[in-house]
Amino acid sequence: MLAEDMNELFGIYSTDKKLPRKNLISLLQSIFDSASEIECESLCDSLLNRKDVDLSMPQFKIIWDNFLEPVLKPVSAFVIVDVQNDFISGSLALTNCPAQEDGAEVVPVINRLLTSTPFSHVFYTYDWHPRNHISFHSNLKLHKSRLLSPQPDNWESVSMFDRVQFDGKPPLEQTMWPDHCIQGTDGAKLHKELKFIEGGLEIYKGFNHSVDSYSAFWDNGEVSATGLLNELNSRNVTDVYVCGLATDICVNFTATHACKHNFRVILVEDACRGVDTAAIAQTKEKLSDLGALIRTSDTILPLVKGEEIPIKLAMVAADNFRRKFAATLLST
Ligand code: VGL
Ligand code: ZN
C-alpha cells in the first residue's frame with residue numbers, strides 16, 4: 001500500500017471529514033482481511049485509549065505513519081542463536097541431553113531460509129565463555145565462595161547439570177554445564193555448513209566470567225546488554241525471527257526478551273532444537289502467551305514480505321502504538 005492510499009482510505013471511510021470508531025473498525029477489516037469484526041474491534045481498542053474518538057485526518061495520519069505503514073512494511077531481523085559446534089557435536093551436544101535432539105538438523109533449515117527469504121537483517125549469536133566461566137561445573141571450586149545454595153562447604157556435592165544459586169543482586173540460579181563454547185576454540189565456532197551471509201552481524205554473550213547469559217540481549221541478571229537491542233533499534237527493526245540452539249534455553253531467553261522489548265516475535269520452530277522435551281513445549285506456550293507466533297520455516301515468507309499480517313502481530317503493533325502515541329493523538 002502507498003502513501004496516497006492513506007488519503008483514499010480516509011476519503012472512503014470518513015463522514016464529514018471525521019473517522020468514527022465503527023468506520024475505523026471497517027477500515028481495519030479491509031486491511032486485515034482475514035480478521036473478524038470482533039478482532040478488529042479489539043485491535044481498535046488496542047490502538048485508542050477511548051471509544052468515543054472521531055479521528056480527524058491529522059490524527060489518522062499519526063495512526064497511518066506509526067501503525068499501519070510499519071505493519072504493512074515490516075523490518076525483519078533473523079536471529080540465529082548459538083548454532084555452535086559444542087551444542088551439535090561437542091561437549092554439550094544436544095544429542096546427549098534428555099530430549100536427544102540433533103542440533104545439526106537446524107543447519108539446512110536455516111540455510112534454506114537464508115537463501116529464500118528476504119530478511120532485512122541477519123544476526124548470528126555466539127555463546128562465548130572465558131575458561132573460568134561460572135557456568136562450568138569444572139569451575140565450581142573457583143567460584144564456591146559465592147554459593148548460596150548449597151553452602152560453599154558443600155560445593156563437592158554438586159553434580160553436573162544441577163542447579164545452584166550464586167549470590168548477586170538479585171541472587172542468580174545457575175545450571176552447572178560441562179565446559180563449552182570457550183572463546184577461540186573450535187567448539188565455539190559456528191557449524192561449518194551454516195551459511196554466513198554477507199552483511200551478517202555477530203553478537204557475543206556470556207563473556208563475563210561471573211554471570212551467565214542465556215539471552216542474546218542481556219545477561220541472566222539483566223545488568224549488561226550485549227548490543228543486540230541497540231543494533232535492532234538503530235535499524236528500525238519491527239519483527240524478530242528467532243531460531244537456533246537450544247530451544248528451551250538460549251532461544252527461549254532471547255525470544256522472551258524480544259517480546260519484552262516489544263518486538264513482534266516469530267519463533268521458527270523447525271529451525272530450533274532443545275535440551276528437554278517438556279521445557280521445549282513450555283517455552284512455546286509461554287512465548288505464545290507473550291504474543292509471539294510459533295511458525296514453521298515454510299510459512300514465513302509472506303510474513304517477512306508483509307503480505308500476510310496475522311492479527312496477533314497486528315495486536316502487538318497496536319499496543320506499541322498506544323503506548324507511544326496515545327497522548328500525541330489526543331493533543332492533535
Ligand atoms: C546454552 C547452555 C549453556 C544455549 C548456552 O545456547 O542454549 N545452553 N549455555
Ligand atoms: Zn553457555
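Atoms within each ligand, like the ligands themselves, are counted from 1 in listed order.
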### Query
Hey, what's the ring geometry for Y124 with F196, parallel, tilted or perpendicular (30° and 60° as the breaks)?
parallel
### Task
Give yes or no for whether the N/O distance cutoff of 3.5 Å, strictly under, is met between H180 and ligand 1.
yes
### For atom 4 (C) of ligand 1, closest protein heavy-atom neighbour
C250 SG, 2.8 Å
### Message
Apply ring pair (Phe, Tyr, Trp, His ring centres under 6.0 Å) to residues F119 and Y241 and explain how you reach the verdict.
### Response
CA-CA 9 Å; F119 294 108; Y241 293 78; 5.4 Å; yes
### Message
Taking 4.0 angstrom as the limit and counting only heavy atoms of D82, give me the atoms of ligand 1 inside it, by number and element.
### Response
4 (C), 6 (O)
### Query
Hey, what's the ring geometry for F321 with F325, parallel, tilted or perpendicular (30° and 60° as the breaks)?
parallel
#### Entry: Distance below 2.8 Å from the Zn ion (ligand 2): protein N/O/S atoms
D127 OD2, H129 NE2, H180 NE2
### Query
Less than 6.0 Å separating the ring centroids of H121 and F78?
no
### Task
Can you figure out which of I249, T175, D248 has its heavy atom closest to atom 8 (N) of ligand 1?
I249
### Message
Give the atom numbers and elements of ligand 1 that come within less than 4.0 Å of a heavy atom of D127.
### Response
5 (C), 9 (N)
### Task
Would you kindly say whether D127 and H129 are connected by a side-chain donor-acceptor distance under 3.5 Å?
yes
### Query
Would you call D319-R323 a salt bridge at under 4.0 Å N-O?
no
### Query
Do L43 and F32 have side-chain heavy atoms sitting under 4.5 Å apart?
yes
### Nitrogen or oxygen atoms of Y214 and ligand 1 under 3.5 Å apart
no
### Criterion side-chain hydrogen bond (donor to acceptor under 3.5 Å, both in side chains) against N252, the qualifying member of K286, Q282, H257
K286
### Query
Does some non-hydrogen atom of Q84 fall short of 4.0 Å from ligand 1?
no
### Pair K205 + D82, salt bridge at N-O below 4.0 Å
yes
## Note on the structure
Checking heavy-atom distances from atom 7 (O) of ligand 1 to each of G274, A246, G244, the winner is A246
### Message
Just to be sure I read this right, does ligand 1 sit under 4.0 Å from the backbone of D212, its side chain, both, or neither, counting only heavy atoms?
### Response
neither
### Query
With under 30° as parallel and over 60° as perpendicular, where do the rings of F60 and W64 fit, or are they tilted in between?
tilted
